[in-house]
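Quick notes on the structure that follows.
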Amino acid sequence: MMLERNMTASPSRTAKVAEDHLVLSEVGMTFGTADVIPSLSLAVRRGEMVAFLGPSGCGKTTTLRMIAGLIAPSRGRISVGWRDITRLPVHERDMGLVFQSYALFPHMTVSQNVAFGLEMRGIAKREIRVRVETALEMVQLGHLSDRKPRALSGGQQQRVALARALVVEPSILLLDEPLSNLDAKLRDEMRVQIRSLQQQSGITAVFVTHDQVEALSMCDRIVVMRGGHIEQFGTPGEIYEHPATPFVASFVGRTNRLSGVVEPSGRLAAAGQGLLAEGALPVGQVQIMMRPHRVALLAAHEHVPPGHNALRGRLTGITFVGDLIQANVRVGEDEITVEQPTRRSTALPLMGAEVTVSWEAGDTMVFAGGAT
Amino acid sequence: MEIHKTSWLMGLLVTVLFIYLLAPVILVFPISFSGDEVLRFPPTSWSLRWYEALFDNRDMLRAFWTSLTLAFVVTILSLVIGIPAAWVIVRMEFKGRDLLFNVFTAPLLLPTIVLGLAILIVFASFGLLATMRGLVLAHLVVSLPYALRILAVSLATQDRSCEEAALTLGAKPLSVFFRVTLPMLSSGIVAAAALCFLVSFDEVVITLFLTGPRISTLPVELYDYVYNTADPMVAAASVLLILLTLGVILVVERAMGLGRAFVK
Ligand SMILES: Nc1ncnc2c1ncn2[C@@H]1O[C@H](COP(=O)(O)OP(=O)(O)O)[C@@H](O)[C@H]1O
Ligand SMILES: [Mg+2]
């Protein structure tokens, strides 16, 4: 019943969006001698869904388990709504955790699984029945309530796990790669479903994933992690358009990488050819990056519009992929990948031909330091 | 050609081995229906008289009930002690955990006769000889290591994330144990129980040191009987023992099948 109330997002809830809900302050985790998380600080706002995005082994699960209380951080402070919960036992934390393996109770039916958290809270039998029913309807599993988990498909188990975590109306929902064991089609469906459930209930959520598409498409903000620290924390747009580090640029979306130099005069150049970029530039060796689909392939002497960069190079490979042409162009020591949509009249340049690659000055990303 | 010959030879070998192993057991069945006065094969006449004799033998029946009660109590105690002990050994992290586990399961390797003597010496000074309490304690020494080993392995292979899920859902650690850990351990518990029951019910060597005219178990009573008399009644008793053992194994098989189904 309370579930229904929460499912219609109230205006007051949306108004409070800016308030910090889950706060990690200099949280660290050391296993034996392995300093898995040196120091992590971040704040998740009430009602938003934040992705922890990073390659496997970067400490996402470890961080999530510290938040849930399944492991105690070696250092730092975790608080929820300004209440310090660092030392609070798991069962008093009021957090819903959806495991990567779902972790459904194999000896209980679907409805017993979902009812478990409510029973632990000492809620009356009658109310439990109603809330379990509502929760199972919400994930469209009402008809399977008497099945054992092993008699369900992966996607159905996933939805039971979700219903079980949500039915107790936890203060925070934690999801550890919940879609990684599903096939591609189901993954797309569940992406939409999880996001809409989260938005309807207005619950604060942390979504762990190594899949940039999930992070970009589902979450309000993204924490990009690497080796136990935060590379960048921002909205999907910020992360994609203004990556803070070369790692973020290449981990979120694909990118080209050119080595270049910023002269003391402020002039940016790669392979001896001058380039335009927006914003302040770091003097010295730099890495220049741009997304393949933002780069156009032109004939050698074709006109380049003002405000666009142009680099001359030699065509080393070209692949026609139907709706796309992928081309590789060698510029000095580096190779640039170009992806552009095909047109009926597209004439493919010949291999080895002199060509020009061109992109908008604003699409140029410049990072201090040489290539790593 | 070569392979064919080998497989034919293998088949023969396996058959011979099987007959060698099972023949004495199978022979017991016809002999138990013998009408003869003495134990011989093949019997010259058929009857149920040895089954009747068995059920008229007060000592034998008393020993059977003793064995049954003993095995039952030993099984329950093995589980009551074994489950928490296995939990501590598998789940708690402390120094000397492996040592503890090895010590607990060590009697499995000790010659039973040595164990029997040791128990005799200790029990004599505590007045535990020829008492039910003494038999229970002695059988526990043998059955606990089995129980502990089976339970520890089941517990160690159990998926911990279910327990963690229960905790995040607000279950206190004790509720987690009774609502999640224990039910998920059910197949291990059934297996351990069956093994403890059979180990206790079949135990002869150590029991021989501890029994007397006042109290005796079925295997010991049978042993004594055969020592003095050579009539087919022991065959009738053997048949019933075989059927009981098969019954227990069948129960385990069904429970384990169900148990395994629980745990995917
Ligand atoms: N209990 C543990 N003991 C020792 N090392 C661990 C433990 N848990 C995780 N690690 C290590 O911490 C690192 C981060 O792991 P994890 O948080 O699972 O990464 P992710 O979820 O991002 O893939 C890995 O190198 C892993 O080996
Ligand atoms: Mg992980």
Side-chain angles (χ1 to χ4, degrees), chain A residues 31-32 61 64-65 67-71 88-109 112-123 135 148-152 154 157 160-177, chain B residues 79 83 86-87 90-98 150-151 153-193 251-264:
Chain A
F31 290 115
T61 298
L64 206 70
R65 290 171 66 81
I67 297 173
L70 292 168
I71 49 175
L88 201 64
V90 187
H91 62 276
E92 291 172 20
R93 288 206 179 188
D94 191 26
M95 295 196 185
L97 176 53
V98 176
F99 290 73
Q100 190 168 6
S101 61
Y102 316 141
L104 298 177
F105 306 128
H107 55 291
M108 298 184 197
T109 63
Q112 286 167 340
N113 263 278
V114 177
F116 186 84
L118 297 172
E119 285 171 26
M120 291 302 127
R121 281 163 172 72
I123 288 166
K148 286 278 177 66
R150 78 192 124 83
L152 301 180
Q157 291 185 22
V160 176
L162 201 60
R164 185 179 69 175
L166 280 174
V167 75
V168 297
E169 298 174 353
S171 64
I172 291 170
L173 179 65
L174 307 170
L175 304 124
D176 192 357
E177 311 220 14
Chain B
L79 293 179
I83 292 171
W87 194 88
V90 174
R91 289 297 155 81
M92 306 289 272
E93 273 168 25
F94 56 90
K95 256 202 193 144
R97 194 173 70 153
D98 294 341
I150 293 179
L151 292 168
V153 169
S154 304
L155 206 54
T157 50
Q158 185 173 314
D159 183 6
R160 301 243 4 220
S161 58
C162 284
E163 293 177 351
E164 294 180 342
L167 282 173
T168 63
L169 288 167
K172 295 190 183 72
L174 207 61
S175 306
V176 174
F177 181 77
F178 284 110
R179 295 286 311 267
V180 178
T181 314
L182 215 48
M184 284 178 72
L185 202 59
S186 58
S187 62
I189 291 175
V190 171
V251 166
V252 176
E253 188 48 41
R254 303 215 32 188
M256 285 292 273
L258 287 176
R260 238 178 267 132
F262 280 164
V263 194
K264 269 204 275 211

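Basis for what follows: all heavy atoms, side chains included, without hydrogens, waters or symmetry-related copies. Quick caveat, the model's predicted, so the values are computed rather than measured. In what follows, chains are A, B, ... by sequence order, proteins preceding strands, each numbered from 1.
The minimum heavy-atom distance linking P106(A) with C162(B) is given by the pair CD-SG, 4.0 Å. Residue A165(B) comes nearest to R164(A) through the heavy atom pair CB-NH2, 3.4 Å, listed as atom of the first residue, atom of the second, then distance.
Q100(A) does not touch chain B: none of its heavy atoms, backbone or side chain, sits under 4.5 Å away. Using a 4.5 Å cut-off between heavy atoms, R160(B) does not touch chain A at all. When heavy atoms are compared at a cutoff of 4.5 Å, T168(B) approaches chain A by way of both its backbone and its side chain. Contact annotation for L104(A): only backbone heavy atoms (N, CA, C, O) come within less than 4.5 Å of a heavy atom of chain B. Only the side chain of R65(A) comes within less than 4.5 Å of a heavy atom of chain B; its backbone N, CA, C and O stay farther away.
Using a 4.5 Å heavy-atom cut-off against chain B, the contacting residues of residues 92-99 of chain A are M95(A), L97(A), F99(A).
Looking at M120(A) and L169(B), their side chains never come closer than 4.5 Å, going by heavy atoms from C-beta outward. Contact check for P173(B) versus H91(A): side-chain heavy atoms found under the 4.5 Å cut-off.
With H107(A) contributing its side chain and L185(B) its backbone, the two residues share no donor-acceptor pair below 3.5 Å.
Atoms CE and CE, on M108(A) and M184(B) in that order, are 9.5 Å from each other to the nearest 0.5 Å.
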